[in-house]
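Quick notes on the structure that follows.
As the structure is a prediction and not an experimental result, all values here were calculated from the model.
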Amino acid sequence: MGDEAKKLLALLNGIARRTYYGEEELSDDFLLSQIYPDMPKEESSGLITKCTGLMKNMVSADMDFNQLDAFLVSQTKRRENPLTEEQTQVFRKFWKNNKNKIHDSIIAKTKWNNSLQNVLWRIDLKAQARNMEQMNESSAIMEFQINSPENKSEVVRFEMDETKLTEVLTQMKEIETEINNYCQ
């Protein structure tokens, strides 16, 4: 990787750290002074604007690598200020290394409430009961692991009898039907 490619990769990483990872102290002036100290101000500002715009397009579309390739090819064919082949390789490398981290960062910023991390369940038969009619009744033991936006984990456990379990499964089937209707 050439010197210009390393500088462009450093610029992309700096923009990503500022935009998606919350490192707001990485201003345009700071990035330029560290990466492109000899570049004229007008040219360097244009480069940051271009890189930021391209990155936002990549992030907002959550591009897979086939989409990225098509996008970068279209950028090499632009009449004004096209990307070079070396620059497209840098963007590919940057996206390969940062796509998931940026995606996770955006998801973390958009969570307001708790999220369900894990569900465990099993079916048990009652072996002890106050009266004989309740013996050998099946029940579902549920365990939910819930994470808060502050990454605090909580485990909720409860038991459902056969009637309640049937009710929940019916409601889940209705939800699935509604989602399928909406998606089609």
Side-chain angles (χ1 to χ4, degrees), residues 1-120 143-156 175 178-179 182-184:
M1 183 182 291
D3 191 43
E4 283 303 311
K6 288 179 183 177
K7 287 181 178 182
L8 180 60
L9 186 58
L11 179 63
L12 292 174
N13 284 317
I15 292 170
R17 287 172 54 191
R18 175 183 64 204
T19 307
Y20 302 106
Y21 306 138
E23 297 182 33
E24 296 171 10
E25 66 275 4
L26 298 176
S27 67
D28 287 354
D29 291 333
F30 177 79
L31 289 173
L32 294 173
S33 69
Q34 297 298 310
I35 301 168
Y36 295 103
D38 301 329
M39 187 181 278
K41 177 82 171 160
E42 188 175 298
E43 186 180 339
S44 58
S45 294
L47 180 61
I48 284 190
T49 302
K50 178 181 178 178
C51 289
T52 302
L54 292 172
M55 189 181 303
K56 284 185 179 180
N57 285 334
M58 292 161 51
V59 170
S60 66
D62 195 24
M63 292 183 185
D64 62 27
F65 294 102
N66 291 331
Q67 292 170 316
L68 178 67
D69 284 339
F71 175 69
L72 292 175
V73 166
S74 73
Q75 295 301 312
T76 62
K77 296 181 180 186
R78 292 181 59 172
R79 290 183 187 183
E80 293 181 24
N81 204 7
L83 286 178
T84 65
E85 186 58 38
E86 185 180 37
Q87 289 171 328
T88 61
Q89 292 303 322
V90 172
F91 272 93
R92 282 184 186 97
K93 180 176 182 173
F94 167 79
W95 195 237
K96 179 182 177 192
N97 293 332
N98 291 282
K99 178 185 188 306
N100 293 332
K101 289 185 259 181
I102 290 173
H103 180 80
D104 292 345
S105 172
I106 290 172
I107 295 298
K109 288 178 184 177
T110 59
K111 283 185 185 175
W112 294 301
N113 293 324
N114 297 339
S115 61
L116 182 62
Q117 281 305 117
N118 197 11
V119 176
L120 299 172
E143 181 176 294
F144 295 154
Q145 181 183 352
I146 301 169
N147 284 358
S148 67
E150 301 87 31
N151 286 329
K152 294 180 184 174
S153 185
E154 178 182 355
V155 176
V156 177
I175 291 170
E178 288 298 319
I179 290 172
Y182 180 76
C183 290
Q184 294 172 355

Applying side chain to side chain donor-acceptor pair (under 3.5 Å) to Asn57 and not counting sequence neighbours gives none

Within the structure provided, determine whether Leu32 and Met39 are in side-chain contact (heavy-atom separation under 4.5 Å).
no

### Query
Do Ile106 and His103 have side-chain heavy atoms sitting under 4.5 Å apart?
no

Between Pro82 and Arg78 the two heavy atoms that sit nearest each other are CB-O, 3.4 Å

In short, side chain to side chain donor-acceptor pair (under 3.5 Å) pairs touching residues 40-49 with sequence neighbours left out are Asp29-Lys41

One should read off an interatomic distance between Arg17 CZ and Glu25 CD, to the nearest 0.5 angstrom, of 7.5 Å

Point to revise | 4.5 Å side-chain heavy-atom contact, Val59 and Trp95 | key: yes

Residues passing the side-chain contact (heavy atoms from CB on, under 4.5 Å) test with Lys7, sequence neighbours excluded, are Asp3, Glu4, Ile35, Tyr36

d(Phe94 CZ, Ile15 CD1) to nearest 0.5 Å is 8.0 Å

Checking Val119, Val155, Asn118 against Glu143 for side-chain contact (heavy atoms from CB on, under 4.5 Å), the one that qualifies is Val155

message = Using side-chain heavy atoms (C-beta onward) and a distance below 4.5 Å, is Leu83 in contact with Leu54?
response = yes

The side-chain contact (heavy atoms from CB on, under 4.5 Å) partners of Asp104 (sequence neighbours excluded) come to none

Non-hydrogen side-chain atoms of Asn97 and Asn13 separated by less than 4.5 Å | no

request  = Could you check if a side-chain atom of Lys96 sits within less than 4.5 angstrom of a side-chain atom of Leu68, using non-hydrogen atoms only?
outcome  = no

Sorted by chain and number, sequence neighbours left out, side chain to side chain donor-acceptor pair (under 3.5 Å) with Gln67 holds for none

Residues at least two apart in sequence or cross-chain that pass side-chain contact (heavy atoms from CB on, under 4.5 Å) with Glu154, listed by chain then number, are Val156

Are any of the side-chain heavy atoms of Met55 and Thr19 separated by less than 4.5 Å? no

Between the CZ atom in Phe91 and the CD atom in Gln75, the distance rounded to the nearest 0.5 Å is 8.5 Å

Side chains of Gln145 and Ser153: is there a donor and an acceptor less than 3.5 Å apart?
yes

- Task: State, yes or no, whether a side-chain contact exists between Ile102 and Tyr21 at a heavy-atom distance under 4.5 Å.
- Result: yes

